[in-house]
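The figures that follow rest on heavy atoms only: side chains count, while hydrogens, waters and symmetry mates do not. Note that the coordinates shown come from a computational prediction; the quantities given were computed from them, not determined experimentally. Both ligands and their constituent atoms are indexed starting at 1 by order of listing.
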Amino acid sequence: MCRYIFVTGGVVSSLGKGVCAVSIAALLQAHGYRIRLKKLDPYLNVDPGTMSPYQHGEVFVTSDGEEADLDLGYYERFTDIPASKHDTITSGKIYEKLISKERKGNYLGGTVQIIPHLTDLIQDFIKFGENEVDFMICEIGGTVGDIEALPYLETIRQIRYLLGSTNVLSIHLTLLPYIATADELKTKPTQHSVKELRSIGIQPDLIICRADRAIPPSLLHKIAVACSIPNNRVIVGMDQKTIYHVPLSYYKHNIDKEILTYFGLTYSDTINLDKWHFIESGITACEKNVHVAIVGKYNSFQDAYKSLVEAFLHAGIHYKYKINLIWIDSDDPDYQINEKLHTIDGIMIPGGFGIRGIEGKIKAIEYARKNKIPLFGICLGMQLIAIEFARNVLGIKDSNSTEFTSNCANVIDLMTNWHNGEEKEMRAHTSNLGGTMRLGNYESILTHGSKIKEIYKLDQIIERHRHRFEFNINYKHAFEKAGMRVGSISADGNLVEALELDGHPWFIGVQFHPEYRSRPFSPHPLFLSFVETLIKQKKHI
Ligand code: GLN
């Protein structure tokens, strides 16, 4: 029988509901329960794919090709369970579904309303897969009080009414702000947020209070009384040095015990949390450094590269090295490549869209190629490796991507059709921007004798994709003749998945996004290999 845990947030946004939900999931997993996490986002975009990374941070891609909130990345990294398109929804998507059902005449002439029609669809989303798990943990995005989130909150209320309080637990994550002039943490915003929740029929069962300092027990008691919650279910959620400490901190504050006893389940305090201790001590044990320049364009907002930062962290923990990421804005007019890059050990060119900052990235690639600095290009990074090579080695001066100009030698171009297993997929320059990319898992074959094959130690790989443009296969021969080898290619021989430069310590570009698959407990082999090269080179000096 599946039990439901709903996580809402109050007072301010960015309190870390995602980390809260996954940390609870990790503890329940450690108790031997099967869990599934879902995210309900209130905004009206159908998915975050077309949203600016400044607005929304990274777009995470699931193996089944859904462009999703970055919290799904945490779900995978903390639980090691692949998220799917059935685990993420936005108000835009659910309204789209509702309207399309209405247009098909599915409501038989009835008046279509938020309650019950929209809330029924939300219920279907929440319940999908309930027979396979013991706990369904659902995070409601945004902050209580947001208009867009009301149908979600109403649905939670309905589910609790239908299944009974013994099967549903509501967690409210709030902030106790510190007021310096009074030298006090304040509980009033939490009380107001709970009042707001109650006004729509939801009584939280457990409150987690975020604070930047120790919370006196008297304040916790005050919240318990004001919000009608037992004392032991008002729980301290102090800021932690790393998100990987949160499951341990929750354990210390008995969250798992409170949840299991709430549901009438037996609690054992002998769970094994070794892997969390291992990660935590791994992060603090990293003393030596290597420096990696990330040449990108969202440098002031590093949430835009969340999985990338995580993948470097995971590889660093493995080797007990701190990977210092140096953010270089490739669009900076004062961008002096030699000045910025001469102290770094390796360069990463991450994925991206649009023409801004492209030439700066190409300059960094040229510098790495000529000076034998290890270089790792991801997605757009691989495409720019190809453009730089065509321009400066093959002498094709107008080499470019048709993403940036139609008037060029199209080394990177739109593939108008290809085969994905049995299915034929088609694209045109006029296709909609939303959801028209090569998305999610694709298989490719590693080239015999390539460095990338040596790294993976496999014949075939499956990696996640998120891009519209591809390496133009007509250039393959010229590239290979000049020393840029195709390291991996689709089974039909059309889609180039990796390029690597012969005679260079580490110069690999991949068309896919390996960072989505890196886990703290199993770092990605490409990141491991790249970081290992940096460390070995450093030791040499
Ligand atoms: N803009 C490029 C494309 O659409 C690369 C995308 C990416 O780096 N994720 O093909």
Which pairs of nitrogen or oxygen atoms, taken one from ligand 1 and one from the protein, are under 3.5 angstrom apart?
from	atom 1	to	atom 2	distance (Å)
ligand 1	1 (N)	G352	O	2.9
ligand 1	1 (N)	E403	OE1	2.6
ligand 1	1 (N)	E403	OE2	3.1
ligand 1	4 (O)	R468	N	2.9
ligand 1	8 (O)	G352	N	2.9
ligand 1	8 (O)	G352	O	3.4
ligand 1	8 (O)	L380	N	2.9
ligand 1	9 (N)	R466	O	2.8
ligand 1	9 (N)	H513	NE2	3.1
ligand 1	10 (O)	Q383	NE2	3.1
ligand 1	10 (O)	R468	N	3.1
ligand 1	10 (O)	F469	N	2.7

List the residues meeting ring pair (Phe, Tyr, Trp, His ring centres under 6.0 Å) with H504, not counting sequence neighbours, and say none if there are none. F507
Six-ring centre of F521, R519 cation under 6.0 angstrom, axis tolerance 45°: no
N371: partners by side chain to side chain donor-acceptor pair (under 3.5 Å), with sequence neighbours left out: none
Can you see whether Y475 engages E480 through a side-chain donor-acceptor pair at a distance of less than 3.5 angstrom? no
Tell me which donor-acceptor pairs under 3.5 Å the side chains of residues 527-535 have, and how far apart each pair is, sequence neighbours excluded?
from	atom 1	to	atom 2	distance (Å)
S529	OG	W506	NE1	2.8
E532	OE2	K536	NZ	3.2
T533	OG1	S529	O	2.9

Please report the interatomic distance NE2(H291) to CD1(I323), rounded to the nearest 0.5 Å. 10.0 Å
